[in-house]
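For reference, the structure is listed below as structure tokens.
Basis for what follows: all heavy atoms, side chains included, without hydrogens, waters or symmetry-related copies. Throughout, numbering of the chain's residues begins at 1 and tracks the sequence.
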Amino acid sequence: MPKNSKAVKRQLDDDVRESVKDLLSHEDTCDGSFKKSSLIVGGGRGDGEGKELSLNGDMDVEDEGSDAEDDAARPAWNSKLQYILAQVGYSVGLGNVWRFPYLCQKNGGGAYLVPYLILLIVIGIPLFFLELSVGQRIRRGSIGVWNYISPRLGGIGFASCVVCFFVALYYNVIIGWSLFYFSQSFQQPLPWHECPLVKNKTTMFVVPECEKSSATTYYWYREALNISDSISESGGLNWRMTICLLAAWSMVCLAMIKGIQSSGKVMYFSSLFPYVVLICFLVRALLLKGSVDGIRHMFTPKLEIMLEAKVWREAATQVFFALGLGFGGVIAFSSYNKRDNNCHFDAVLVSFINFFTSVLATLVVFAVLGFKANIMNAKCVALNTKKIVALLGNEVSHDLIPHHINFSATVSAEDYQQMTEILRGVTEKDYPRLGLDSCSIEEELNKAVQGTGLAFIAFTEAMTHFPASPFWSVMFFLMLVNLGMGSMFGTIEGIITPLVDTFKVRKEFLTVGVSLLAFFIGLLFVQRSGNYWVAMFDDYSATLPLLIVVILENVAVAWVYGTDKFFEDLKDMLGFTPFRFYYYMWKYVTPLLLILLLGSSVIQLGMTPPSYSAWLEDMASEKSLKYPPWGLAVCISLVVMAIMPVPVVFFLRYFNIIDENAGVVSTISYKKGCIIKESVRPEEDDDASLIHAKSPGSEAPSPMPGNSIYRKQSGGVPDAAPNGRYGIGYLMADMPDMPESDL
């Protein structure tokens with residue numbers, strides 16, 4: 001620096017002002033969008049932070065005109081309704097129908113709703129609001145969002161993409177199964193209505209595997225999946241399921257190929273149709289005998305179970321996965337919003353819609369299962385009545401039978417109950433020798449089923465007893481397809497949006513490429529052993545990695561970026577300061593609860609060795625088998641591959657193998673090709689250099705709040721401007737005492 005540094009500084013200040021004025025004077029007068037230009041002062045600390053300055057004479061911190069241009073460049077939702085339906089369709093999935101009712105029944109009935117609601121408010125809504133906020137504020141997918149907040153934690157976005165891909169692989173297989181059942185529902189009677197008969201030379205007999213189990217169980221395992229006896233026996237491809245998987249991926253690809261412009265329109269049907277079906281099922285089920293028994297059984301609270309830690313852990317896990325946290329789909333969808341959208345209202349609305357959908361689905365499931373339990377109980381009573389009639393006069397005296405019971409007619413469940421109580425009281429020691437099965441509606445309802453067992457076995461069996469059963473079967477499986485599609489749109493958006501934002505590839509080509517790759521990898525799940533692979537991926541590819549991802553998301557915002565600073569951003573974005581409740585949740589309560597949940601999940605995995613439920617054809621029953629050594633290696637690999645991007649990116653950034661400022665534009669560049677990027681060249685003058693992330697020849701950070709200034713840019717930059725306008729580099733002295741206002 002020369003000795004007369006103050007004079008040099010004044011001269012350089014004037015040069016900068018004159019350069020900016022000259023730059024503005026060369027802009028087209030018709031370019032109204034440039035009358036209020038935005039400069040972004042980028043993160044000199046390598047933390048991805050930045051401030052916007054407007055060159056309109058007032059030096060405004062936030063440039064509304066530039067935001068409007070950025071909003072115009074990025075796709076946007078056609079309406080608020082479309083966006084809400086997209087978020088609802090993504091969060092409300094198959095788990096609401098076949099996981100929540102099972103957990104409710106298993107963990108205390110109506111009492112389970114209390115811990116679920118508490119954890120929804122303490123964990124679910126704050127984290128959902130957090131993801132909506134960062135996506136809407138930064139307007140990027142998961143990779144761009146976490147790179148912006150902290151480059152060293154940029155691996156969070158890549159981990160979310162990997163988990164999304166793993167989940168999409170097997171989730172679309174379930175949609176394929178639903179498509180198969182949907183296609184088979186257009187016949188009367190339904191193909192799983194009764195066991196098939198086999199004819200030999202002399203007689204016809206029921207297939208032994210079906211006779212030992214049930215018609216719907218046999219159809220699921222043998223006709224639909226043609227399942228092998230273990231995961232080690234691949235058995236080759238199931239061609240019918242392969243076609244269904246291809247159809248499922250084709251539907252997803254066509255709906256997503258134009259991004260939210262195409263998928264947003266599909267959301268109107270895929271998000272609303274399941275509610276129509278659920279309400280129709282509830283009304284129909286309530287008109288059937290026994291449905292009230294199922295609902296009463298469901299909501300009878302068992303308060304003592306609420307004190308068990310397992311109930312709270314399972315409720316927290318269900319809240320976590322029900323809202324789709326950590327996948328990146330929530331962030332991707334919210335990134336297409338306007339910056340002033342009230343995302344706090346959206347978070348609360350979608351969370352409670354999700355909760356009430358789960359309760360509605362639980363009502364439907366147990367109303368139908370109550371009807372089924374009454375039918376199964378009636379069959380049991382009829383069978384036992386025949387046994388008692390055969391024993392009359394020998395093992396059972398006529399005097400023990402109440403006089404009003406007429407064996408020539410159908411014996412009611414109440415009369416049967418009275419009769420068996422008398423027999424048990426008189427012949428207490430000899431009663432087991434009568435060989436009577438236990439007939440009880442409560443016992444039938446206590447046979448808890450979830451997942452595919454509920455959808456493809458228990459529910460399908462109940463629907464065979466419905467009047468006009470093919471119609472209800474078509475409606476049910478079409479509902480499952482739509483529920484699955486809504487979740488798949490969000491999952492695929494969690495892959496496509498971050499990659500498009502980061503690598504600037506064509507969305508159409510990337511969508512087709514991802515769909516093709518996922519289909520070919522998905523052939524693993526349509527082998528005869530494919531059901532076991534679906535169970536493996538469901539258990540190990542998402543649970544632990546997603547918990548780690550969401551913990552890191554919470555820490556990145558609350559502790560790395562700063563809760564106070566985040567609250568200021570929210571106030572600027574929403575127009576009001578969110579409740580102080582969120583401050584303490586994000587900073588203390590939610591991270592602690594998530595760490596406890598992660599610890600308990602790890603302990604549970606350690607206490608229960610990895611195993612899967614195999615269907616044995618000879619026994620016609622399920623049996624729990626341990627994974628072979630290579631299967632254990634695959635389980636561990638799924639967890640490691642999903643979380644590996646986090647430490648890899650951290651170490652690459654930490655040891656400067658990848659520059660933390662990589663990808664940040666370092667010189668001024670303007671839209672519409674008026675000013676192009678100019679590569680940064682070291683200047684021979686040691687007193688000045690082009691404005692860029694680091695001063696040439698020096699690793700010392702700039703004393704400025706940010707030392708890279710650039711025009712926000714949305715499109716590609718031409719090689720040369722046709723009207724002779726070229727990139728202009730600004731010279732600025734490296735002066736430690738230069739105040740920010742001197743810009």
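By the 6.0 Å contact criterion, NZ on Lys289 is open, its count of non-hydrogen atoms from other residues, nucleotides or ligands being 12 or less. Atom NZ of Lys258 is surrounded by 12 or fewer heavy atoms from other residues, nucleotides or ligands within 6.0 Å. Around atom CZ of Phe345, no more than 12 heavy atoms belonging to other residues, nucleotides or ligands sit under 6.0 Å away.
In terms of the salt bridge (charged side-chain N to carboxylate O under 4.0 Å, His left out) criterion, Glu461 has no residue partners (sequence neighbours excluded). Legend: residues meeting salt bridge (charged side-chain N to carboxylate O under 4.0 Å, His left out) with Lys379, ordered by chain and number and at least two apart, are absent.
When each of Thr362, Thr357, Asn354 is paired with Asn96, the side-chain hydrogen bond (donor to acceptor under 3.5 Å, both in side chains) condition holds for Asn354 and for no other.
Atoms CG and CZ, on Leu117 and Phe352 in that order, are 6.5 Å from each other to the nearest 0.5 Å.
A distance of 6.0 Å or more separates the ring centres of Tyr170 and Phe166. Between Phe371 and Phe466, the ring centre distance stays below 6.0 Å.
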- Message: Applying side-chain contact (heavy atoms from CB on, under 4.5 Å) to Trp249 and Met488, what does each step give before you reach the verdict?
- Response: CA-CA 10 Å; Trp249 274 113; Met488 274 298 294; 3.7 Å; yes
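Side chains of Asn341 and Gln136: a donor on one and an acceptor on the other come within 3.5 Å.
Counting all heavy atoms, side chain and backbone alike, Ile138 lies closest to Val145 at CD1-O, 3.9 Å.
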